[in-house]
Structure formats: C-alpha cells, structure tokens
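See structure below.
We use all heavy atoms of the structure for the numbers below, so side chains are in, but hydrogens, waters and symmetry mates are not. The chains referred to below are lettered A, B, ... by the order of the sequence lines, with proteins before strands, and numbering in each begins at 1.
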Number of protein chains: 2
Amino acid sequence: MDSTLPMRLAIDEAWKYQGLTFPNPAVGCTVVDEHGKILAIAAHQKAGGAHAEVLALQQAYAVLNEHSAILELTDSFKIHNFLLEYHNHCFEKCTLYVTLEPCAHVGKTPSCAGLIQSLGIENVVIAHSDPNDKASGGAERLRKSGVYVEEGVCEEEAHALLQPFITWQAKTYLTFKWAQRLDGTIDGGTISALESRIFVHKMRSVSDLLVIGGNTVREDRPTLDARLVNGKAPDILILSHLTDFDETIPLFSVPERNVFIDSTLEHISNYKNVLIEGGPGMFESIKTDVDSYLCFVAPKSGGTIPFTKTKEDFKIIRTLSSGDDQLLWMR
Amino acid sequence: MDSTLPMRLAIDEAWKYQGLTFPNPAVGCTVVDEHGKILAIAAHQKAGGAHAEVLALQQAYAVLNEHSAILELTDSFKIHNFLLEYHNHCFEKCTLYVTLEPCAHVGKTPSCAGLIQSLGIENVVIAHSDPNDKASGGAERLRKSGVYVEEGVCEEEAHALLQPFITWQAKTYLTFKWAQRLDGTIDGGTISALESRIFVHKMRSVSDLLVIGGNTVREDRPTLDARLVNGKAPDILILSHLTDFDETIPLFSVPERNVFIDSTLEHISNYKNVLIEGGPGMFESIKTDVDSYLCFVAPKSGGTIPFTKTKEDFKIIRTLSSGDDQLLWMR
C-alpha cells in the first residue's frame with residue numbers, strides 16, 4: 001500500500017473546506033494507530049474553530065476509548081483540555097499526518113505542537129512547512145521534545161491546498177465565482193444545487209467584500225447576504241459607471257453593511273478577502289487580477305447566454321462534488 | 001474512522017477502469033490486515049486480466065512478505081498459483097473488501113472464491129451481490145467453507161459502479177462520448193488532453209462498434225482506431241443519408257474492420273458494446289437510447305459551436321481527473 005494514503009486522505013478532507021477557513025489555511029489531519037490503521041480524518045473548518053489536529057485527535061480518542069461523549073465538545077479549548085486530562089497515553093504509538101506544520105503559536109486556539117507534545121505522540125508526518133512566521137516553528141519544537149518528525153510527504157499537493165493562504169498573507173485575495181451549466185450558459189433561473197448555494201453563502205460569510213456588476217443588481221435585485229448559513233453579510237462593491245440604483249433592491253437594506261458604487265476597483269485594496277460574483281462583463285474586466293476561479297457546473301444545458309466569450313485557458317486545481325453539481329477550483 | 005473507508009477506496013479505484021473492462025464488470029478490492037491497516041487497493045483493469053481480488057492479494061503479499069518479485073507476474077493463473085504455493089497462511093487474519101461478490105466460476109481466470117478459501121482468509125466484506133448467474137454463488141461458497149461474509153456495505157455506490165455491467169447483460173450497451181471545453185464548445189482543433197484521448201482509444205479497443213456521423217467523417221477524415229494503445233479497432237457505422245464517401249478517408253483502410261453506411265441504427269443490434277462519438281446532430285437523434293454519457297471537459301473556452309443546443313438534464317454518476325481535463329460519467 002502506498003504509504004502516502006493517510007496524507008492524501010487528509011488533503012482530500014481539507015479541500016472540502018477550501019475557501020471557508022479564511023484567514024486560516026485549509027488543513028487536514030489523519031491519525032493512524034501503531035499498526036497502521038486509520039483512526040480518524042478531519043479538517044479545519046472555520047477560523048476560531050478547532051484546528052485539524054484537534055478534531056482528528058478528538059475523533060481518534062472516541063475510537064480508541066470507545067467513548068463518544070468527547071464528540072459532543074465543539075470548543076477547541078475544551079477539546080484540548082479533555083484530551084490533556086484523559087488521554088492516559090493512548091496516543092503515544094500513533095502517527096499524526098498533517099498537511100501543514102502544526103502551529104507553535106497560542107492564538108484563538110491553543111498550540112497544536114504543544115498538544116502533540118503533551119499527549120506524547122511519537123511520530124508526526126508533515127506535508128508542508130508553515131509559511132506564517134507567527135505560527136511556525138512547530139516542527140522544531142516537536143523535534144526538540146523528542147518527537148520523530150518527517151517532512152515533505154505529498155508536499156506538492158499540500159502546496160496547492162495552501163496556495164490561497166500563502167497568497168492572502170501578501171495581498172488581498174480575489175476569488176471569482178460563477179455558476180454555469182455544462183453547456184457554459186448562465187441565463188434562465190436557478191442553475192446551482194442547494195448544496196452549491198449554501199457553499200457560496202458560507203464563502204460570503206468569511207468574505208469582507210463582495211463585488212457585483214451594476215447590470216446584475218438592476219436585473220436580479222439580489223440580497224447577497226449569507227442567510228442560508230445565518231452568516232455575516234459582506235460589504236458590497238457595485239461595479240458600475242451609473243450610480244443611480246433603486247434603493248429598494250434588497251442588498252441595500254442588509255444591516256451592518258457598507259455598499260459602494262464605483263466604476264473602479266479601488267475599494268478592493270481596503271479589504272482582505274474579496275468574493276466576486278460577476279457575469280461575463282465583470283469577468284472580462286477583472287480576470288487578470290483574480291487569484292482563484294470557483295466554477296459550479298450544473299449537469300444541464302439549455303440556456304442561451306454563455307459565461308465566457310473569449311479564449312481562456314484555466315488550470316483545474318481541484319474538483320469536488322456539490323450536490324448534483326461539480327465544484328471546480330481553478331487558476 | 002468510518003468503517004466503510006476500505007470499501008470506498010475500492011470503489012474509487014474501480015471507477016478508474018469503468019468502460020474498459022467489458023464484458024466484465026468494473027470491480028475494486030482492498031486488503032486490510034488484522035489490525036485494520038490497508039495493505040493494498042486494486043481494480044480489475046481488462047477482461048482476460050486478473051480480477052481485482054487477485055491483484056489486491058498480489059500487492060498485499062508483496063507488502064506482508066517484503067517480496068516484490070510477485071509484482072512482476074501479470075498472468076492471472078500464475079499469480080493464483082504463486083499465492084497458492086507460497087502464501088504460508090499470511091492472509092488468514094486479513095479482511096478482503098470487494099465491491100462485487102467474488103466469482104465462483106472458473107472462466108478465463110480461476111475462481112476468486114476458491115482462491116480466498118484456499119488462502120484461508122477469514123473475513124470477506126462484499127458491497128454488491130453478483131447479478132451474473134454463471135459467476136454467482138461466491139458468497140455462499142465462502143460461507144460454507146467457514147469464511148465470515150458481510151454483504152451490502154456501500155451497496156448503493158457499488159450498484160452505480162456495476163450499472164453498466166447489469167445493463168449489458170440484458171441489451172446492447174450504448175455509450176455516447178464527447179469532448180468539450182468548459183464553455184460547452186466543440187469546434188477548433190484538439191480539445192482533450194492526451195490522457196483523455198488515450199482513455200478513448202482504450203474504450204474503442206473494447207467496443208465492437210463505433211458510431212459516427214457522416215458530416216464528421218467528411219470534415220475530419222478520421223481513422224477512428226485504437227492506435228494510441230495498440231488496440232483492436234472497432235467496426236464503424238457511419239450514420240448518414242448520403243452513401244457516397246471518399247474512400248481515401250483513413251477509417252476505410254483500417255484492417256479487419258467492417259464499415260457500414262446507413263441512415264438507421266439497425267446495425268447496432270448486432271453488437272454488444274457500442275461507442276458513439278457524435279456531434280450535436282447525432283446526440284439529438286440518439287440521446288434517448290443512450291445508456292451512459294461520457295463527457296470530457298477541458299478547462300478552456302473560446303470555441304463557437306456548442307455541443308448541446310437543447311435543454312438537457314444529466315445526472316453525474318462519477319467524475320475523474322484525466323490529465324488536465326475532467327471526465328464525467330453521466331446518465
């Protein structure tokens with residue numbers, strides 16, 4: 001059996017939450033017991049929530065101790081404390097496969113390197129080092145405390161997973177999202193499955209600015225909030241040369257939201273994580289600035305307006321199922 | 001950890017060979033040791049080649065005995081005989097996860113149920129029973145010989161994997177294949193990645209008839225053989241009202257091939273596994289008869305002719321990466 005299987009499964013799990021973990025990276029973790037049995041696979045889901053290592057160790061604890069009460073804990077500190085108090089050396093012979101170097105930094109959650117050390121875990125396999133100075137040093141800390149650390153397993157795949165995080169350390173991150181049918185068309189009513197729409201609402205809830213075209217606002221009269229997940233609605237930039245909009249369009253009435261109407265993208269530089277939900281015109285004007293393309297493809301045909309009219313060459317980074325749709329992360 | 005992981009990995013592996021195993025079903029197998037460690041994952045690749053169980057046990061033997069010479073064997077009988085002679089009870093505590101009931105029938109290859117029994121494997125987990133009367137009875141045979149057999153794990157996913165096989169037991173199987181860009185267009189030079197074209201040549205080599213439109217033949221002057229994989233070229237049905245074709249078009253010169261020119265699909269009933277490589281017109285005329293749609297999507301845009309002009313509603317059964325493309329199996 002390919003010894004990279006646990007790491008590949010951790011990477012697969014992490015991709016399910018790509019786009020949702022901002023400002024944190026998408027990270028996955030697999031716990032394997034002393035005999036090579038996979039006990040748990042988990043991923044970081046949301047900033048402020050438990051890290052992948054903590055969630056995977058929580059699941060592994062439940063398996064090793066046939067104790068499901070631990071699974072009721074959701075707060076990262078509480079899971080940490082439970083594990084520290086009750087681990088009874090059960091993890092010592094386990095190997096932790098983690099797509100990113102465990103953090104050495106106590107932030108919103110306790111340090112994962114510290115937890116691993118306290119639990120006495122003897123082996124840690126890391127795909128990619130931490131590019132964030134503040135949190136890095138985890139591997140060194142583990143080695144100093146006697147943990148056997150292997151680095152660079154599936155590093156290339158882990159780098160692709162980490163790319164958005166690396167980019168938003170340095171600049172405002174721009175994700176261009178659209179939904180189309182298999183025939184490339186975008187007109188004529190709802191295209192995406194409910195699961196895809198929920199995913200977009202989750203992305204909106206971690207974006208600080210949503211960019212939309214003036215025509216779309218006039219024609220669709222959208223709300224552009226995160227109501228499907230009870231999330232915070234992002235600010236809005238309506239990209240438009242005309243500034244006269246019907247103020248009864250729902251997006252203007254969402255509480256605690258700023259709405260800008262501008263013919264330029266200057267406002268973007270005041271934000272960190274920007275979601276662009278544009279049509280063909282917006283795509284043309286912004287495509288060279290975009291960091292990630294997120295395309296939902298519904299397995300249908302029958303519209304009349306294509307999304308792209310120009311020659312484009314994307315690179316598919318990852319695809320996932322999203323209800324009946326396919327979700328494509330592209331560059 | 002979800003106890004269905006080994007079965008899901010077997011199903012994933014089997015899908016890589018969907019469309020290539022005719023007249024056999026696509027089948028996957030995972031071998032897990034007594035401690036729950038995954039030792040091997042393999043799939044049946046081609047009729048006449050070793051079954052999934054045999055390939056997985058071959059790999060597992062290499063792991064358990066640190067003996068890689070067995071991996072050089074490719075003939076199913078030779079692998080069987082090697083395992084029977086040298087297993088030394090190494091598999092007894094293993095669990096075999098197999099997507100389809102192991103065959104009880106000695107055909108082109110020896111019976112897998114017999115092999116499992118001879119190796120003394122104590123646990124077999126089966127996703128789906130064998131719908132083929134001739135080969136079925138494997139689970140019963142195993143139980144009678146004292147093997148603990150669990151059935152129905154991931155049965156629904158295994159049924160989707162098995163659907164083509166079930167269908168071609170009863171009727172001629174029609175697969176409609178096309179390659180398009182993400183924008184739905186099909187014109188203007190090579191669209192698919194080399195990996196996708198190789199996959200299609202493999203499919204041609206196990207198809208007995210390839211259906212193509214008259215216009216495509218006139219415009220593209222294709223060969224329509226399986227040269228990329230040194231495979232057998234299928235017979236050709238050119239669907240056309242006009243019977244006058246330039247006989248120097250390469251497809252007419254492929255040895256050991258019958259070419260029919262007809263305005264109806266009557267010839268199809270003389271064949272078992274039919275691949276249709278048509279354009280929009282062919283799609284319209286044949287779409288209600290098709291069993292599987294196989295669509296390669298290249299992450300590009302810029303053509304002018306869309307594949308579908310009508311309203312369609314497909315169901316994605318499975319997607320796979322194929323070089324830079326996505327491969328979609330749909331109904």
Side-chain angles (χ1 to χ4, degrees), chain A residues 1-3 5-6 8-9 12 30-42 56 59-60 62-63 180-185 188 280 283 293 295 297-304 306-328 330-331, chain B residues 1-3 5-6 8-9 12 30-42 56 59-60 62-63 180-185 188 280 283 293 295 297-304 306-328 330-331:
Chain A
M1 186 50 237
D2 184 350
S3 64
L5 178 67
R8 285 186 287 119
L9 293 170
D12 288 349
T30 299
V31 183
V32 174
D33 78 5
E34 62 183 299
H35 302 296
K37 181 182 182 180
I38 293 171
L39 299 175
I41 307 168
Q59 284 181 25
V63 174
Q180 63 162 68
R181 298 185 189 82
L182 185 58
D183 68 355
T185 64
F283 179 78
Y293 301 97
C295 175
V297 180
K300 303 172 190 171
S301 65
T304 55
F307 178 72
T308 42
K309 286 163 184 159
T310 50
K311 191 169 156 56
E312 306 297 340
D313 211 339
F314 300 104
K315 164 93 182 144
I316 298 176
I317 307 300
R318 195 81 179 190
T319 64
L320 296 100
S321 289
S322 175
D324 287 339
D325 303 338
Q326 279 299 110
L327 178 168
L328 278 63
M330 302 188 294
R331 276 197 217 120
Chain B
M1 187 51 239
D2 184 347
S3 64
L5 178 66
R8 286 186 286 117
L9 293 171
D12 288 349
T30 299
V31 183
V32 174
D33 78 6
E34 62 183 300
H35 302 296
K37 180 182 181 179
I38 293 171
L39 300 175
I41 307 169
Q59 284 181 26
V63 174
Q180 63 162 69
R181 298 186 189 82
L182 185 59
D183 68 356
T185 63
F283 179 78
Y293 300 97
C295 175
V297 180
K300 305 173 189 170
S301 66
T304 55
F307 178 73
T308 43
K309 287 163 183 159
T310 51
K311 190 170 156 57
E312 306 297 338
D313 211 339
F314 300 103
K315 165 91 181 145
I316 298 175
I317 307 300
R318 195 78 177 191
T319 64
L320 295 101
S321 290
S322 175
D324 287 339
D325 304 337
Q326 279 298 111
L327 178 168
L328 278 63
M330 304 190 292
R331 275 196 214 119

Q | side-chain contact (heavy atoms from CB on, under 4.5 Å) against B:D12, all qualifying residues, sequence neighbours excluded | A |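 In terms of side-chain contact (heavy atoms from CB on, under 4.5 Å), with neighbours along the sequence ignored, B:D12 is linked to B:L9, B:R318.
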(Q) My understanding is that only residues two or more places apart in sequence, or in another chain, count here; which of them pass side-chain contact (heavy atoms from CB on, under 4.5 Å) with A:S321? (A) A:Q326
Q) Between atom CG of A:L5 and atom NZ of B:K37, what is the distance when rounded to the nearest 0.5 Å? A)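 That separation rounds to 10.5 Å.
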**Q.** Max heavy-atom pair count under 4.5 Å with chain B, selected residue of A:K300, A:E312, A:K311
**A.** A:E312
Q: Under 4.5 Å, counting heavy-atom pairs only, tell me which of A:L328, A:V31, A:I316 racks up the most with chain B.
A: A:I316
Q | Side-chain touch B:H35/A:D33, heavy atoms, less than 4.5 angstrom | A | no
Option that, when pairs with chain A are counted at under 4.5 Å, heavy atom only, ranks first among [options]:
{"options": "B:P306, B:G303, B:P299", "result": "B:P299"}
{"options": "B:G302, B:G36, B:S301", "result": "B:S301"}
{"options": "B:T30, B:T308, B:T185, B:T304", "result": "B:T308"}

Q: Considering non-hydrogen atoms only, spot the tightest contact between A:M330 and B:L182 and give its length.
A: CE-CD2, 3.6 Å
